[in-house]
Amino acid sequence: MMNPKNLFPVTMALIAFVITNCCLFAGTKPNILDSVDLLRLYTPDGNSISSPHDFYSIHVMSYCQGTIGPMPPGTTDPFGSRNVTACSNRTILFSFDPTIAWPRDLTHGPDLQWPRVISDDFRAFQMTSRAMAVMYSIGVGAIGSVLLVKIFAMAMPKLQLGVFEFGFMLLGTLSVGIASVIANVLAYELVQLINAHGDGSNVSAQYGGKFLGMTWASAALMMLGTWISFSNAFSPGGNAASSSSSSEPAPAKDEECQ
């Protein structure tokens with residue numbers, strides 16, 4: 001019977017795998033976790049910016065756009081209910097550009113009171129945004145490899161795969177952790193810049209609390225699982241230790257008698 005301690009890392013990895021995939025693929029289509037966004041850009045009608053869409057949700061691999069309805073009873077959301085109407089095509093090297101997402105008559109023209117510096121804000125973080133998506137993809141691949149290693153280990157218990165499990169756990173932890181740091185910095189920095197530069201045009205932004213909570217939860221699960229995986233692989237009695245001890249030749253019978 002398998003020791004429950006050996007199942008703990010893969011359990012943490014499985015939960016983190018689901019959460020990280022949700023962060024990565026959120027908003028790739030309408031109604032697919034479109035509320036789990038990195039940040040949200042508001043451009044409601046009636047302001048100096050007159051956009052056919054009231055908000056734009058920026059995700060890891062895409063963006064969604066939609067309108068704002070009346071505030072539901074019993075809620076305190078000042079922006080009311082959000083109705084997603086469409087999402088862009090997903091791509092790993094995605095970075096949001098308002099001049100492409102918004103209509104041309106909104107972002108161009110001599111009399112337009114639109115803060116073009118907002119586009120510069122997004123361009124400044126373009127490579128950072130793409131690096132974040134790449135790190136999430138590496139993290140998903142590494143965590144998926146942990147699950148495959150555990151399947152092989154359960155199917156062939158004689159194989160000592162603890163070191164491989166730990167290696168992929170460590171890679172997944174580093175990738176998801178770095179991606180979470182980038183996402184945190186990206187969300188907070190862009191929201192501050194947009195709110196400052198869009199003050200005169202009533203353009204505002206909010207960071208995605210759900211997204212940040214999910215990505216840090218995934219990173220924490222992977223860190224905990226990696227620590228237990230290291231203990232299983234390298235501590236006395238662990239997989240690596242057992243493998244090395246089993247490879248040592250048994251003492252001869254005459255030496256035992258002595």
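In this text, all values refer to a predicted model and were calculated from it rather than measured experimentally. Computed from heavy atoms alone, side chains included, the values below leave out hydrogens, waters and symmetry copies.
- A distance-only check finds a donor-acceptor pair linking the side chain of T11 to the backbone of L7 [under 3.5 Å].
- In the hydrophobic clustering of ILVMFWY residues, with side-chain heavy atoms under 4.5 Å counting as a link, L174 and M223 come out apart.
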Quiz item: Can V60 and F25 be said to form a side-chain contact (heavy atoms from CB on, under 4.5 Å), step by step?
Solution: CA-CA 7 Å; V60 177; F25 289 94; over 6 Å; no
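- Proximity of M222 to M12: side-chain heavy atoms (C-beta onward) are nowhere separated by under 4.5 Å.
- Residues T226 and F166 meet the side-chain proximity criterion, which asks for heavy atoms closer than 4.5 Å.
- In F122, the CZ atom is crowded: over 12 heavy atoms of neighbouring residues, nucleotides or ligands sit closer than 6.0 Å.
- Side chain of N184 to main chain of S180: no donor-acceptor pair is present (N/O by atom type, distance under 3.5 Å, no hydrogens or angles).
- Both I15 and L33 belong to a single network of hydrophobic side chains, linked directly or stepwise wherever heavy atoms of I, L, V, M, F, W or Y lie under 4.5 Å apart.
- Considering CD1 of I32 and SG of C64, their distance stands at 9.0 Å, rounded to 0.5 Å.
- Note: M61 CE to S88 OG = 10.0 Å, rounded to the nearest 0.5 Å.
- Between the side chain of D34 and the backbone N or O of N31 there is at least one donor-acceptor pair closer than 3.5 Å.
- By the 4.5 Å heavy-atom criterion applied to side chains, S137 and I92 are counted as neighbours.
- A chain of hydrophobic side-chain contacts below 4.5 Å, direct or via other Ile, Leu, Val, Met, Phe, Trp or Tyr residues, connects F8 to V149.
- Follow the hydrophobic side-chain contacts under 4.5 Å out from M132 and you reach L93 in the same cluster.
- The CG atom of N21 sits 10.0 Å away from atom CE of M214, with the distance rounded to the nearest 0.5 Å.
- Put simply, CG on L148 and NZ on K150 are 12.5 Å apart, with the number rounded to the nearest 0.5 Å.
- With contacts defined as side-chain heavy-atom distances shorter than 4.5 Å, the pair S175/M135 qualifies.
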Exercise. Evaluate the criterion side-chain contact (heavy atoms from CB on, under 4.5 Å) for residue pair I19 and L221; output intermediate values, then yes/no.
Key: CA-CA 10 Å; I19 296 175; L221 289 170; 4.0 Å; yes
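- Rounding to the nearest 0.5 Å gives a distance of 10.5 Å between NZ of K29 and SG of C87.
- Across all their heavy atoms, E165 and S229 have their closest contact at OE2-OG, 3.1 Å.
- The backbone N or O of V36 sits less than 3.5 Å from a side-chain atom of H59, completing a donor-acceptor pair.
- In terms of heavy-atom proximity, L38 sits nearest to A187 at O-CB, 3.7 Å.
- Heavy atoms only, all atoms of each residue included: L212 and Y188 are closest at CD1-CE1, 3.8 Å.
- Remark: the backbone N or O of I58 is not paired with any side-chain donor or acceptor of D37 at under 3.5 angstrom.
- In this structure, the side chain of S95 does not engage the main chain of R130 through any donor-acceptor pair within 3.5 Å.
- Nearest approach of S204 to I194, heavy atoms of both residues: C-CG2, 4.2 Å.
- Between F96 and L39 the shortest side-chain heavy-atom distance does not fall below 4.5 Å.
- For the pair Q206 and V191, the minimum side-chain heavy-atom distance is 4.5 Å or more.
- Note: the hydrophobic cluster containing F211 does not contain W216 (ILVMFWY, side chain heavy atoms under 4.5 Å, direct or indirect links).
- Here OH of Y42 is found 11.0 Å from CG of N195. Values are rounded to the nearest 0.5 Å.
- Counting heavy atoms of neighbouring residues, nucleotides and ligands inside a 6.0 Å radius, atom CZ of F94 exceeds 12 of them.
- Side-chain atoms of S62 do not come within 3.5 Å of backbone N or O of N89 as any donor-acceptor pair.
- For the pair G172 and I143, the tightest heavy-atom approach, listed with the atom from each and the gap, is CA-CG1, 4.3 Å.
- With a 4.5 Å cut-off on side-chain heavy atoms, L147 and V10 count as touching.
- You'll find the side chain of Y136 stays beyond 4.5 Å of the side chain of V140, heavy atoms only.
- Nearest heavy-atom pair, C23 versus T215, reported as atom, atom and distance to 0.1 Å: SG-N, 3.9 Å.
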